[in-house]
Amino acid sequence: MSTQTIEIEANITVGDLAKKLDLPVVTLISELMKNGVMATVNESIDYDTAQIIVGELAADVEIKPASDAGDEVSRSKRELTDQASARAPVVAVMGHVDHGKTSLLDAIRESDEADKEAGGITQHISAYQIEHSGRKITFLDTPGHEAFAALREHGAKLTDVAIIVVAGDDGIKPQTKEAIRFARQAGVKMVVAINKMDKPGADANRVKQQLSEENLLIEEWGGDIVTVEVSAKEKQNIDKLLDMVLLVADVEELKAEFDVPAEGLVIESHMEKGKGPVATALVEHGLLKAGDYVVAGATYAKVRTLSDTLGRSIVEAGPSTPVIITGFKELPEFGDIFAVAKTEKEARFKAEVGAKDRKQTSSIATTGAQLIAKIDREAAVTEYNIIVRADVQGSLKSVTDSLRSLDRDDIAVKIVGTGVGHLTDGDVTLAETSDSVIYGFNVDIPVSVKRLAVTKKVPVRIFKVIYELIDDVKASMEAMLSPDIVETELAKLTIKGVFRTTKESIICGGEVKSGKAVSGVLVRAKRGEEILGEAQVTSLQRGQQEAKEVIKGEMCGLQLKTESKILLEEGDELEFFTRESVARKL
Ligand code: GDP
């Protein structure tokens, strides 16, 4: 199977994309709907959406941004001078859920030659650096897919090598394919770790075969994809995997500038008691030092403390090093580029510019009272008010981005507030005043907060799987939509005689002109185009007999129940129909 590459702009209409893929537009629209995106043929979808859809529909097609799409201004393509020196590779671990990403990251962590005490640390860290064969390797523990998607917006390439984890007993799954696609599109080298080889059902050959079906030909079969059979649980072959990561990285001759003002990317941020905003960042160029002024997105810091990802204080950090920074005025966002500024004044100014940019591009507002007033004004659209809390900035962004795709003209998700870290009393208070539901992703609810939520009758829903959270929001929105009224016409009858009319009932007779007249249903009485009223058929008679149904061409007698008096005449028409309310779907 040969791979075809198509170029698309930052946005593309559904019709144009269908043309490029040589697929019927309806196929595309229904795939979009499956993914929760409602778009018609002339509407545009963004690059990331297109990428997902193409992946689902045409596995043999790769998409890449058109050269003038503007988001390929890759910072990693910075022109390197002669002064540039070697740097450590940055590695991400990706793969299908439950295939062992976390276990593998833990096993790698424990294999660190430089720090034998590292084992057993279970706290969430978004990056770490280890030493292997006397060389450093940086690992990212950010949610792989989201990281790629979010970072593309910033035109940055975060990783050099992706370890694609595939469970040997399960084989390649949808998220494995997605990971492969992301790695390819980001131009990242891949090493495949075939995991769980300790399990009896593990079959490495089958995985290799499946890889070739994804156009990844392994080395043994003449290709260039390195596979390593490992067991994260039994810690088997972890060393070999790391050897291979270094080998693959070496082909790239990874270098960075050391003698320039430091810059890099924020990969995680959260609030910490007593410390304020805490950001984990990856230095890309230069040496970052404690005391430096640093701008990141819409905020800035005088770096108060600089530490490695084990929390040990350090004086400076060079390229490929993940560091923890405190001192930011506000929380920087996942994916924000940080850069050192010469003075506090310059840092503040740049942050203000960043904040203005952000205001223009972001539609999420986060402050309570003003926002509630705004919600009231915009009441024409039914809104589902929610507050979102997530464990880290990266997952928060993924959740809010996904939620935005649920918006439609008549109903929308209104994100009243967002936050990183565990639920607080403040969330409950805001939810109460803004009539919101609190959604938590990978966070806990402290007992005292839970108690307050129960007292205030604020619904709190906590999820560990992003799709389940999105599905819950979707279902709640569907429940808010007024149902569609569906009428089905059954028959038409022409009145031949009216025998008795009261305020509540009519007894009449007529001939069925089309369809099948049945008892119990509704009729609409019409004179020409004029609608006289509606009634219910309480009795239907053919001859003297009560009839369940009377077909076209037959005469019948009818008894109708009316709400108000309808004066029927010979020649009027009755339309028999049913009326149902059908719950609407998003
Ligand atoms: P993730 O969702 O990809 O991060 O997967 P986890 O690391 O959480 O692993 C999912 C499950 O597979 C857990 O129950 C692990 O204990 C198990 N697991 C991971 N690696 C191995 C392995 O090498 N061998 C076996 N037998 N089980 C493993």
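Residues: numbered from 1 along the sequence shown. In each ligand, atom 1 is the first atom listed, and ligand 1 is the first ligand listed.
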For ligand 1, find each of its N or O atoms that sits under 3.5 Å from a protein N or O atom, and tabulate the pairs with distances to one decimal place.
unit_1, atom_1, unit_2, atom_2, d
ligand 1, 2 (O), Asp98, N, 2.7
ligand 1, 3 (O), Asp98, N, 3.4
ligand 1, 3 (O), His99, N, 3.3
ligand 1, 3 (O), Gly100, N, 2.9
ligand 1, 3 (O), Lys101, N, 2.8
ligand 1, 3 (O), Lys101, NZ, 3.0
ligand 1, 4 (O), Lys101, N, 3.4
ligand 1, 4 (O), Thr102, N, 2.9
ligand 1, 4 (O), Thr102, OG1, 2.5
ligand 1, 5 (O), Gly100, N, 3.1
ligand 1, 7 (O), Thr102, N, 3.4
ligand 1, 7 (O), Ser103, N, 2.8
ligand 1, 7 (O), Ser103, OG, 2.6
ligand 1, 12 (O), Lys196, NZ, 2.9
ligand 1, 20 (N), Asn195, ND2, 3.1
ligand 1, 23 (O), Asn195, OD1, 3.1
ligand 1, 23 (O), Lys196, N, 3.4
ligand 1, 23 (O), Asp198, OD1, 3.4
ligand 1, 23 (O), Ser231, OG, 3.3
ligand 1, 23 (O), Ala232, N, 2.9
ligand 1, 23 (O), Lys233, N, 3.1
ligand 1, 24 (N), Asp198, OD1, 2.7
ligand 1, 24 (N), Asp198, OD2, 3.4
ligand 1, 26 (N), Asp198, OD2, 2.9

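By the side-chain hydrogen bond (donor to acceptor under 3.5 Å, both in side chains) test, Ser402 is found to be paired with no residue, residues two or more places apart in sequence or in another chain being considered. For Ala249, the side chain to side chain contact (heavy atoms under 4.5 Å, CB included) criterion is met by Pro89, Val161, Leu254, not counting sequence neighbours. Among residues two or more places apart in sequence or in another chain, the ring pair (Phe, Tyr, Trp, His ring centres under 6.0 Å) test is passed with Phe139 by Tyr128.
Side-chain contact of Ser436 with Asn385: a donor-acceptor pair under 3.5 Å is absent, judged by distance alone. No hydrogens or angles considered: nothing links the side chains of Thr138 and Arg87 as a donor-acceptor pair under 3.5 Å.
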Where do Ser307 and Ser313 land on the side-chain hydrogen bond (donor to acceptor under 3.5 Å, both in side chains) test, with the steps shown first?
CA-CA 4 Å; Ser307 36; Ser313 207; over 6 Å; no

